[in-house]
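Let me begin by presenting the structure, written as structure tokens, before commenting on it.
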2 protein chains.
Amino acid sequence: MAGTDAALPSLELVARSCLCRRVQHASRAIGKRFDDAFRPVGLNNWQFTLLMAVTAEAGPTVNQIAAELGMDRTTATKNLRILERRGLIEMRVDAQDRRIRRSALTAEGQQVLQAALLRWRQVNDAVGGSLRPEQLASLNAALETIAQA
Amino acid sequence: MAGTDAALPSLELVARSCLCRRVQHASRAIGKRFDDAFRPVGLNNWQFTLLMAVTAEAGPTVNQIAAELGMDRTTATKNLRILERRGLIEMRVDAQDRRIRRSALTAEGQQVLQAALLRWRQVNDAVGGSLRPEQLASLNAALETIAQA
DNA sequence: GACTATTGGGTGGATATACACCTAATAGAG
DNA sequence: CTCTATTAGGTGTATATCCACCCAATAGTC
């Protein structure tokens, strides 16, 4: 309408084109789907991701895990502690540099992760399958671009 | 490697192709960008989205807002209460059906939202501009598909 | 070796999110 | 009109997330 600042975008435009809202909405939805899939093995989606990150390298540090997942370091600290309390991972001080704490899966953690992998593939295939192959590839590239900002 | 269960996906494959992890990573990154943009006006990204949802319809209910944003109803309740405490919105019981609570922006809420709109456009354009136009369109479609699951 | 800067990490607080469970108001069946 | 089902919503709990601030260990300088 006239009378409002012409420099301001209309509310309809914002609601339609807000990337933040779209990504957050999708994030909640996909997180819930993976939570449901992992519930029988007692994990949620980020715990699965964290277990994966712990196994990805040899004894990754808190900082390495946080950087890899793009989360705040203190968030990684607190989430790792929960997995540690449940006995799925171990954190131990590095021998050379005593500031550093390195993570590793316990035997139980490996078992839980193995049990989760089949469920992961099912739900990941299901979600990916709802997109056309070229759309999935484009989505991955776009998400990576956004994540690196 | 041979020796592991052939039915299990390799850890490398999982790390590379996990849609949940990618979406969550992008969600954290973009949320942080919008948080930074809105910080000068005292909002964060979801508060902005919530204010937008409150103005989108005439006096939307808690359920309507939660459905529109794909968030849990109880999450909407608690987030709305924070905006209410700050005096940015008002919740009032519907005259016809006293179970229903309808939301509306206060004058201060409108001012804050107006101040945020310019910042929104800057950061939304910046993020969208890092993608090619057809990639952005494809991203929007893919995110909507995922959100509707 | 002492002083300072850098780095790895933790704590406390505010808010974000969802689940299990609950209350209150309305709607519908008889 | 009463009883029950449905619907709108809230509370408590556990965990997720980030920020401001802190501590301890190492590295670098002299």
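Sequence lines set the chain letters: A, B, ... in the order given, protein chains first and strands last, and positions in each chain run from 1.
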A side-chain contact here means heavy atoms from C-beta on lying under 4.5 Å apart; do A:Arg119 and A:Pro40 qualify?
yes
For the backbone of B:Pro60 and the side chain of B:Ser103, can you confirm whether one donor and one acceptor N or O come within less than 3.5 Å of each other?
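Checked: pair present.
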Spell out, as yes or no, whether a donor-acceptor pair under 3.5 Å connects the side chain of B:Gln47 to the backbone of B:Asn44.
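Yes: the side chain of B:Gln47 pairs with the backbone of B:Asn44.
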Do the charged groups of A:Arg39 and A:Asp36 touch, with an N to O distance under 4.0 Å?
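Salt bridge between A:Arg39 and A:Asp36, a charged N being under 4.0 Å from a carboxylate O: yes.
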Below the 4.0 Å mark, does [N] have OP1 or OP2 next to a side-chain nitrogen or oxygen of [X]?
{"X": "A:Lys32", "N": "C:dC19", "result": "yes"}
{"X": "B:Asn79", "N": "C:dT15", "result": "no"}
{"X": "B:Arg98", "N": "D:dG9", "result": "no"}
{"X": "A:Asn63", "N": "C:dG9", "result": "yes"}
{"X": "A:Thr61", "N": "C:dG8", "result": "no"}
{"X": "B:Arg28", "N": "D:dT17", "result": "yes"}
{"X": "B:Thr77", "N": "D:dG9", "result": "no"}

The side chain of [X] lies closest to which of these nucleotides: [options]?
{"X": "B:Arg73", "options": "D:dG9, C:dG9, D:dT17", "answer": "D:dG9"}
{"X": "B:Thr75", "options": "D:dC19, D:dC21, C:dT17", "answer": "C:dT17"}
{"X": "A:Arg99", "options": "D:dT17, D:dA25, D:dT11", "answer": "D:dA25"}

Once you round it to whole Å, what is the distance between [atom2] of [N] and [atom1] of [X]?
{"X": "B:Phe34", "N": "D:dC19", "atom1": "CZ", "atom2": "P", "result": "16 Å"}
{"X": "A:Met91", "N": "C:dG8", "atom1": "CE", "atom2": "C1'", "result": "11 Å"}
{"X": "A:Ile30", "N": "C:dA18", "atom1": "CD1", "atom2": "P", "result": "14 Å"}
{"X": "A:Phe38", "N": "D:dT15", "atom1": "CZ", "atom2": "P", "result": "18 Å"}
{"X": "A:Ile100", "N": "D:dA25", "atom1": "CD1", "atom2": "P", "result": "13 Å"}
{"X": "A:Asp72", "N": "C:dT11", "atom1": "CG", "atom2": "C1'", "result": "13 Å"}
{"X": "A:Asn44", "N": "C:dA18", "atom1": "CG", "atom2": "P", "result": "12 Å"}
{"X": "B:Arg102", "N": "D:dA8", "atom1": "CZ", "atom2": "P", "result": "11 Å"}

Heavy-atom nearest nucleotide on DNA chain D for A:Thr74 versus B:Arg81: which residue maps closer to 5'?
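By nearest-heavy-atom nucleotide position, the 5'-most residue is B:Arg81.
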Pick the nucleotide of DNA chain D nearest each of A:Asp97 and A:Arg85; which residue has the one closer to the 5' end?
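Result of the comparison: A:Arg85.
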Any donor-acceptor N/O pair under 3.5 Å between C:dG13 base and A:Lys78 side chain:
yes
Which part of the nucleic acid, if any, lies within contact of [X], taking any heavy atom under 4.0 Å across all strands shown: a base, the sugar-phosphate backbone alone, or nothing?
{"X": "B:Arg39", "value": "sugar-phosphate"}
{"X": "B:Gln96", "value": "sugar-phosphate"}
{"X": "B:Asp35", "value": "nothing"}

Output, in order, the C-alpha distance, side-chain angles, deciding distance and verdict of salt bridge (Lys or Arg N to Asp or Glu O under 4.0 Å) for A:Asp35 and A:Lys32.
CA-CA 5 Å; A:Asp35 283 351; A:Lys32 203 159 136 41; over 6 Å; no
Distance alone, cut at 3.5 Å: any donor-acceptor contact between the side chains of B:Thr61 and B:Asn63?
no
